[in-house]
Amino acid sequence: MITPLLSDWMRRIGVGCLVLAVLLFAAAVIAFAAGFEPAFLAMLFALGLFTFAVGALSVAHR
């Protein structure tokens, strides 16, 4: 059983990570398009952060 306080915190963490992942991915795409090839690693990190955010939001939903 999940407490309402934990549910609230997981929702906040999930939304924050989701916003950060979208901004990081957008910045990495811009940097990659400008010719900075190691920005591809930031895209992978943004994907992992997005996955974590979805998991946190699913925990908060229960």
Side-chain angles (χ1 to χ4, degrees):
M1 182 172 179
I2 188 168
T3 64
L5 181 61
L6 181 60
S7 176
D8 185 47
W9 275 103
M10 291 304 288
R11 185 176 298 114
R12 289 178 189 202
I13 289 170
V15 169
C17 286
L18 189 62
V19 169
L20 183 62
V22 169
L23 291 176
L24 179 64
F25 186 78
V29 167
I30 291 170
F32 188 77
F36 186 65
E37 292 179 4
F40 182 76
L41 297 174
M43 291 181 202
L44 293 176
F45 183 73
L47 178 64
L49 196 59
F50 178 79
T51 305
F52 178 77
V54 169
L57 288 173
S58 70
V59 167
H61 181 68
R62 290 183 177 238

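Of all heavy-atom pairs spanning A60 and S7, the tightest one is O-OG, 2.8 Å. Here the closest heavy-atom approach between residue A56 and residue G14 is recorded as CB-CA, 3.9 Å.
With sequence neighbours excluded, the residues forming a side-chain contact (heavy atoms from CB on, under 4.5 Å) with V54 are F50, listed by chain and number. For R11, there are no side-chain hydrogen bond (donor to acceptor under 3.5 Å, both in side chains) partners at least two apart in sequence or on another chain.
When hydrophobic residues (I, L, V, M, F, W, Y) are linked wherever their side-chain heavy atoms come within less than 4.5 Å, F36 remains an isolated member.
No chain of hydrophobic side-chain contacts below 4.5 Å, direct or via other Ile, Leu, Val, Met, Phe, Trp or Tyr residues, connects M43 to L47.
Screening residues 12-35 for salt bridge (charged side-chain N to carboxylate O under 4.0 Å, His left out) gives D8-R12 as the qualifying pairs, with residues at least two apart or on separate chains. Under the side chain to side chain donor-acceptor pair (under 3.5 Å) criterion, no residue pair touches residues 45-61, with sequence neighbours excluded.
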Acceptor/donor pairs from residues 16-26 side chains to any protein atom, 3.5 angstrom cut, sequence neighbours excluded:
none

